[in-house]
Amino acid sequence: MKYLTIYIFTIVIALAYAQKTYKSTFDNVNVDQVLKNDRILNNYLKCLLDKGPCTQEGRELKKTLPDALKTNCDKCTEIQRRNSRKVIDHLQVKKPQEWKKLLDKYDPQGVYKSNFEERING
């Protein structure tokens with residue numbers, strides 16, 4: 001019984017820790033390279049907007065993005081926050097139409113936009 005309790009406790013702790021941050025899938029992606037490559041960036045945008053196929057990373061991003069917006073990126077690592085800021089800045093300046101489409105899809109009422117951007121900038 002003692003070992004079963006320790007085992008269950010260990011699993012609960014591991015699950016709680018796993019929920020603290022999003023998967024590190026994007027932590028090693030060279031975001032600057034992606035932003036400089038229109039073909040790759042456009043493929044990610046098409047994926048997020050349901051206009052094209054998704055890579056494994058694209059599916060993960062698509063799955064994570066709504067929660068990140070709702071929670072003000074609470075589960076984002078520092079790297080994910082920094083990279084998010086780069087992507088947001090790039091899209092706002094270089095691809096404002098695509099940025100608007102993303103906002104229309106993922107935040108149609110504008111509820112999360114200012115909170116998310118404030119958290120990312122903070």
Side-chain angles (χ1 to χ4, degrees):
M1 184 67 169
K2 176 181 169 185
Y3 294 112
L4 179 60
T5 303
I6 291 170
Y7 179 71
I8 291 172
F9 181 75
T10 303
I11 290 174
V12 169
I13 295 296
L15 288 173
Y17 180 76
Q19 297 302 314
K20 285 185 178 182
T21 60
Y22 297 120
K23 291 181 182 179
S24 62
T25 304
F26 297 100
D27 288 3
N28 296 318
V29 171
N30 186 333
V31 172
D32 294 318
Q33 252 182 355
V34 171
L35 295 176
K36 289 177 185 176
N37 187 322
D38 264 356
R39 184 185 58 79
I40 294 173
L41 179 58
N42 287 334
N43 285 339
Y44 274 111
L45 291 169
K46 287 177 185 176
C47 166
L48 291 172
L49 294 169
D50 299 321
K51 303 288 184 187
C54 296
T55 62
Q56 181 178 351
E57 292 86 5
R59 285 189 298 275
E60 185 65 31
L61 180 59
K62 196 172 179 178
K63 183 175 82 175
T64 304
L65 185 58
D67 186 64
L69 289 170
K70 289 177 188 172
T71 64
N72 294 323
C73 214
D74 282 343
K75 296 181 202 170
C76 292
T77 65
E78 189 54 41
I79 292 170
Q80 291 164 349
R81 280 190 191 91
R82 186 173 49 245
N83 287 340
S84 295
R85 179 73 262 154
K86 284 181 183 181
V87 171
I88 290 169
D89 288 345
H90 181 85
L91 293 176
Q92 287 176 329
V93 172
K94 303 280 186 177
K95 294 188 173 282
Q97 292 175 337
E98 286 81 0
W99 174 242
K100 183 178 178 335
K101 289 176 187 177
L102 288 171
L103 289 176
D104 289 346
K105 177 176 174 67
Y106 290 96
D107 190 16
Q109 283 79 36
V111 174
Y112 308 118
K113 180 181 177 251
S114 61
N115 289 339
F116 184 76
E117 288 179 344
E118 181 179 308
R119 177 68 184 253
I120 294 299
N121 287 326

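Of the charged side-chain nitrogens involved, at least one lies within less than 4.0 Å of a carboxylate oxygen, so that D104 and K100 count as a salt-bridged pair. Using a 4.0 Å cut-off between charged side-chain N and carboxylate O, E98 and K101 make no salt bridge.
The number of heavy-atom neighbours closer than 6.0 Å to NZ of K95, taken from other residues, nucleotides and ligands shown, is above 12. By the 6.0 Å contact criterion, CG on N30 is enclosed, its count of non-hydrogen atoms from other residues, nucleotides or ligands being greater than 12.
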Worksheet item: Going through the checks in order, is the side-chain contact (heavy atoms from CB on, under 4.5 Å) test met by T55 and N43?
Response: CA-CA 9 Å; T55 62; N43 285 339; over 6 Å; no

Worksheet item: Can you check side-chain contact (heavy atoms from CB on, under 4.5 Å) on Q92 and D89, steps first, answer last?
Response: CA-CA 5 Å; Q92 287 176 329; D89 288 345; 4.1 Å; yes

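Between K105 and L48 the shortest side-chain heavy-atom distance does not fall below 4.5 Å. Side-chain contact check for L41 versus H90: some heavy-atom pair is nearer than 4.5 Å.
Atom CD1 in I79 sits 11.5 Å away from atom OG in S84 (nearest 0.5 Å). The CG atom of L45 sits 10.5 Å away from the CH2 atom of W99 when rounded to the nearest 0.5 Å. The line from CD of Q109 to CG of L103 is 12.0 Å long, rounded to the nearest 0.5 Å. Rounding to the nearest 0.5 angstrom, the gap separating the NZ atom in K86 from the CG atom in L35 is 8.0 Å. With rounding to the nearest 0.5 Å, the separation of CG in N83 from CD in E78 is 10.0 Å. How far OG1 of T77 is from CG of D27: 4.0 Å, rounded to the nearest 0.5 Å.
A distance-only check finds no donor-acceptor pair linking the side chain of Y44 to the backbone of E57 [under 3.5 Å]. When atom types are taken as modelled, the side chain of N37 and the backbone of Q33 share no donor-acceptor pair closer than 3.5 angstrom. Side-chain N or O atoms of K62 include one that pairs as donor or acceptor with a backbone N or O of C47 at under 3.5 Å. Between the side chain of N72 and the backbone N or O of D74 there is no donor-acceptor pair closer than 3.5 Å.
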